[in-house]
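In what follows, a single structure is set out as structure tokens and then discussed.
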Amino acid sequence: MPVDFSGTWVLESNDNFEDYMKILNIDLVTRKVAVQLSQTKVIIQDENKLTIKTLSTFRNYEISLTIGEEFDECTKGLDNRKLKTLVSWEGDTLVCTQKGEKANRGWKHWIEGDKLHMELYCEDVVCRQVFIRKK
Ligand code: ECB
């Protein structure tokens with residue numbers, strides 16, 4: 001296990017989230033609500049098993065997976081698409097590819113100090129999120 005992402009992480013900055021939602025065809029009213037939200041990531045990492053909960057006052061989203069094994073993801077409550085998802089290690093970075101209707105879709109997570117970094121990408125759009133570890 002290169003790095004342990006386990007913990008509770010609170011959103012500190014959310015760069016370009018609006019364009020990420022647009023490229024996923026999220027409607028205007030939902031975007032206006034979602035862009036204002038604080039998000040909290042609760043991550044449980046146990047060997048090669050990973051649970052990531054993304055929590056907010058509006059909607060929650062949770063995935064559980066085995067690193068290195070492709071699985072079926074349905075982004076229920078987000079853009080409601082079906083994906084073939086694979087999460088792997090690239091050094092100390094967790095890299096996710098989400099194969100489906102949208103090209104070049106995925107995300108990356110890495111840790112710098114007490115910050116959890118995330119890049120969410122789809123087609124030519126990149127959203128950058130930074131979370132701070134909750135004590
Ligand atoms: C779940 C909190 C955000 C709720 C936003 C509600 C509506 C917006 C609809 C779609 C926007 C697309 C994504 C929302 C952004 C973050 C949610 C999880 C993104 C993700 O794939 O996180 C991975 C990696 O941490 C784990 O699922």
Side-chain angles (χ1 to χ4, degrees):
M1 183 171 76
V3 184
D4 190 358
F5 286 81
S6 297
T8 299
W9 307 85
V10 180
L11 188 67
E12 191 181 68
S13 64
N14 193 359
D15 190 31
N16 217 26
F17 187 44
E18 175 76 8
D19 284 341
Y20 177 75
M21 289 191 285
K22 274 189 192 165
I23 207 90
L24 291 178
N25 314 107
I26 305 302
D27 69 86
L28 176 74
V29 172
T30 305
R31 290 203 312 271
K32 290 299 160 203
V33 175
V35 80
Q36 298 292 338
L37 294 172
S38 181
Q39 297 180 22
T40 298
K41 294 268 183 203
V42 178
I43 303 179
I44 302 159
Q45 186 179 329
D46 180 16
E47 308 262 310
N48 57 344
K49 303 262 198 264
L50 200 57
T51 296
I52 306 177
K53 300 177 191 183
T54 308
L55 307 175
S56 77
T57 54
F58 179 49
R59 283 178 198 163
N60 299 322
Y61 185 69
E62 176 172 339
I63 57 170
S64 290
L65 59 100
T66 302
I67 295 167
E69 287 183 15
E70 190 178 75
F71 66 100
D72 293 312
E73 180 176 11
C74 176
T75 55
K76 196 174 182 320
L78 303 179
D79 63 314
N80 298 299
R81 285 190 173 87
K82 292 201 166 94
L83 307 167
K84 295 280 182 194
T85 300
L86 175 66
V87 177
S88 313
W89 290 111
E90 278 181 18
D92 287 343
T93 300
L94 276 176
V95 178
C96 174
T97 57
Q98 296 171 312
K99 281 188 282 176
E101 180 192 340
K102 297 283 181 183
N104 189 40
R105 182 170 180 177
W107 50 259
K108 292 184 183 187
H109 270 305
W110 68 95
I111 292 172
E112 290 176 19
D114 61 352
K115 304 285 173 80
L116 173 71
H117 290 257
M118 181 176 192
E119 275 181 9
L120 274 162
Y121 41 89
C122 183
E123 297 185 351
D124 60 347
V125 172
V126 185
C127 166
R128 291 187 171 82
Q129 300 186 332
V130 181
F131 299 78
I132 186 155
R133 188 188 284 278
K134 197 170 171 182
K135 296 273 156 57

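One-based numbering along the sequence shown. When reading the values below, keep in mind they use all heavy atoms of this one structure, side chains included, and skip hydrogens, waters and symmetry mates. Keep in mind that what you see is a predicted model, and the values were worked out from it rather than measured. For ligands, and for the atoms within them, numbers begin at 1 and follow the listed sequence.
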For V87, which of L94, T97, N48, I52 qualifies under side chain to side chain contact (heavy atoms under 4.5 Å, CB included)? L94

Full working for side chain to side chain contact (heavy atoms under 4.5 Å, CB included) between W110 and K108: CA-CA 7 Å; W110 68 95; K108 292 184 183 187; 4.2 Å; yes

Side chain of Q98, backbone of C122: donor and acceptor closer than 3.5 Å? no

Are any side-chain N or O atoms of H109 and backbone N or O atoms of H117, one a donor and one an acceptor, separated by less than 3.5 Å?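 Yes.
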
For K102, I'd like to know if atom NZ has over 12 heavy atoms of other residues, nucleotides or ligands within 6.0 Å. yes

Show the distances, to 0.1 Å, for all pairs joining an N/O atom of ligand 1 and a protein N/O atom that are shorter than 3.5 Å, listing one pair per line.
residue, atom, partner, partner atom, Å
ligand 1, 22 (O), K41, NZ, 3.1
ligand 1, 25 (O), K41, NZ, 2.6
ligand 1, 25 (O), H109, NE2, 2.7

Could you walk me through whether N14 and C127 satisfy the side chain to side chain contact (heavy atoms under 4.5 Å, CB included) test, starting with their C-alpha distance in whole Å, then the side-chain angles of each, then the deciding distance to 0.1 Å, before giving a yes or no? CA-CA 7 Å; N14 193 359; C127 166; 3.4 Å; yes

